[in-house]
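Each chain gets a letter, A, B and so on, in the order the sequences are listed, and its residues count up from 1. None of these values were measured; they are calculated from a predicted model.
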2 protein chains.
Amino acid sequence: MAKHDTDLSALFQALADPTRRAILARLAEGPAAVSDLARPTGLRLPTVMRHLEVLEQAGLIDSSKDGRVRSCALVPQALAPLRSWLEEQRILWEGRLDRLEDYVMQVMKEQGQ
Amino acid sequence: MAKHDTDLSALFQALADPTRRAILARLAEGPAAVSDLARPTGLRLPTVMRHLEVLEQAGLIDSSKDGRVRSCALVPQALAPLRSWLEEQRILWEGRLDRLEDYVMQVMKEQGQ
DNA sequence: ATCATGCTTAGCCATGCAGCTAAGTAATCA
DNA sequence: TGATTACTTAGCTGCATGGCTAAGCATGAT
């Protein structure tokens with residue numbers, strides 16, 4: 001399996017959890033420390049840490065430690081692969097629809113005779 | 001948690017598996033029977049069945065049985081929620097970048113004085 | 001009526017994941 | 001120095017997921 005593919009899997013996997021999507025939404029407002037991200041979730045710190053690990057592994061966020069505080073931030077271009085995949089699928093799926101349309105048109109023409 | 005949200009989770013979850021994405025790609029060429037979908041995966045039928053269940057549950061495919069053959073097909077509009085979520089995020093994330101840009105501009109102006 | 005085909009169901013196994021507690025480390029504050 | 005804060009690590013639990021085999025059921029062909 002291509003790396004491109006496992007990347008996509010990791011991305012989708014990371015985004016499949018509502019808590020993680022909420023964290024991303026929060027980060028869209030700007031960088032935040034781990035505890036700040038944890039507070040609104042109502043989850044314990046270690047749990048949130050693991051979510052952050054998943055997000056970072058998927059390339060969606062970046063984090064760096066300053067003193068005893070770890071600050072997390074979005075990686076803006078991280079959703080690009082997902083966007084291209086989606087666009088690719090759209091073209092494929094619509095191509096399929098076009099062919100279906102052609103087929104229907106042809107059947108109608110044949111029936112018209 | 002909103003239904004909208006669990007829908008998104010199911011979508012992402014369903015797309016997080018390469019086998020399932022391969023099945024979707026195959027279906028983009030047109031409807032297919034379960035065995036036809038199973039063959040190229042090299043997996044056993046029950047395993048593929050479960051993948052198909054997941055895809056159907058997520059609303060990505062549709063299936064109907066004719067005789068003893070079950071035929072599966074894409075649901076073209078199924079990716080729409082994902083597209084809107086992505087677009088929403090793009091706006092949010094870019095809004096963030098705009099604000100960052102504003103901030104940088106302001107700092108530069110202040111330093112210029 | 002019998003047999004082959006195509007799917008379905010039931011159930012097992014290993015692994016992964018989301019949550020937790022408890023205990024550890026490292027930086028800041030009094 | 002000692003206490004507090006902010007993560008971090010280790011390890012447990014329960015449930016979900018992806019794979020399998022074996023056996024069942026319904027339909028189509030002979």
Side-chain angles (χ1 to χ4, degrees), chain A residues 1-2 5-27 30-73, chain B residues 1-3 5-27 30-74:
Chain A
M1 189 151 11
D5 223 64
T6 73
D7 283 0
L8 257 186
S9 292
L11 258 183
F12 279 124
Q13 189 68 45
L15 294 172
D17 186 293
T19 299
R20 286 196 287 265
R21 288 199 304 278
I23 289 177
L24 289 181
R26 165 64 189 78
L27 283 178
V34 174
S35 327
D36 293 337
L37 292 172
R39 202 165 309 109
T41 67
L43 299 174
R44 300 297 184 167
L45 227 62
T47 306
V48 173
M49 284 284 297
R50 294 201 53 174
H51 282 304
L52 294 175
E53 258 177 57
V54 172
L55 288 170
E56 191 158 12
Q57 205 63 31
L60 284 161
I61 70 169
D62 222 0
S63 80
S64 62
K65 203 161 174 181
D66 177 21
R68 58 187 169 176
V69 176
R70 173 171 302 278
S71 178
C72 302
Chain B
M1 189 149 14
K3 175 153 170 290
D5 224 62
T6 73
D7 282 0
L8 258 186
S9 293
L11 258 184
F12 279 124
Q13 188 69 44
L15 294 172
D17 186 294
T19 299
R20 287 196 287 265
R21 289 200 304 278
I23 289 176
L24 289 181
R26 165 65 189 76
L27 283 178
V34 173
S35 327
D36 293 337
L37 292 173
R39 201 165 310 109
T41 67
L43 298 174
R44 301 296 183 169
L45 225 64
T47 306
V48 174
M49 285 284 297
R50 295 199 53 176
H51 282 303
L52 293 175
E53 258 177 56
V54 172
L55 288 170
E56 191 157 13
Q57 206 62 30
L60 284 162
I61 70 170
D62 221 2
S63 81
S64 61
K65 205 163 172 179
D66 178 20
R68 58 186 169 175
V69 175
R70 173 171 302 280
S71 176
C72 303
L74 286 184

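- Residue Arg44(A) has a polar side-chain atom (N or O) positioned under 4.0 Å from OP1 or OP2 of dT21(C).
- Residue Arg68(A) places no side-chain atom within donor-acceptor reach of the base of dA6(D), judged by atom type and a 3.5 Å distance cut-off alone.
- Along DNA chain C, the nucleotide nearest to Gln13(A) and the one nearest to Asp66(A) differ in position, and the one closer to the 5' end is contacted by Gln13(A).
- The phosphate of dG19(D) (OP1 or OP2) has a side-chain N or O of His51(B) nearer than 4.0 angstrom.
- Rounded to whole angstrom, the span from the CZ atom of Phe12(B) across to the C1' atom of dT17(D) amounts to 19 Å.
- In this structure, the CG atom of Asp17(B) is 18 Å from the P atom of dT15(C), given to the nearest Å.
- Atom P of nucleotide dA10(C) and atom CG of Leu45(B) are separated by 16 Å, given to the nearest angstrom.
- Note: Leu24(A) CG to Asp17(A) CG = 10.0 Å, rounded to the nearest 0.5 Å.
- Taken from CD in Gln13(A) to CZ in Arg20(A), the straight-line distance is 6.5 Å, to the nearest 0.5 Å.
- With dG6(C), dA10(D), dA10(C) as the candidates, the nucleotide lying closest to the side chain of Val69(B) is dG6(C).
- Rounded to an integer number of Å, the gap from Glu53(A) CD to dG16(C) P is 15 Å.
- Here the straight-line distance linking atom CG of Leu52(A) with atom OG1 of Thr19(A) works out to 11.0 Å at 0.5 Å rounding.
- To the nearest 0.5 Å, atoms CD1 (Ile61(A)) and CG (Leu37(A)) are separated by 7.5 Å.
- Rounded to whole Å, atom C1' of dC25(D) lies 14 Å from atom CZ of Arg70(B).
- Between Leu55(B) atom CG and dT17(D) atom C1' the separation is 14 Å, expressed in whole Å.
- The interatomic distance linking Met49(B) (CE) with dG18(D) (P) rounds to 15 Å, in whole Å.
- Atom CD of Gln57(A) is separated from atom C1' of dG16(C) by 15 Å (rounded to the nearest Å).
- When the side-chain nitrogen and oxygen atoms of Thr47(B) are compared with OP1 and OP2 of dC20(D), one or more of them lie within a distance under 4.0 Å.
- If you take OG on Ser71(A) and CG on Asp66(A), they are separated by 8.5 Å, rounding to the nearest 0.5 Å.
- Heavy-atom distances to DNA chain D give each of Arg50(A) and Lys65(A) a nearest nucleotide, and the one nearer the 5′ end belongs to Lys65(A).
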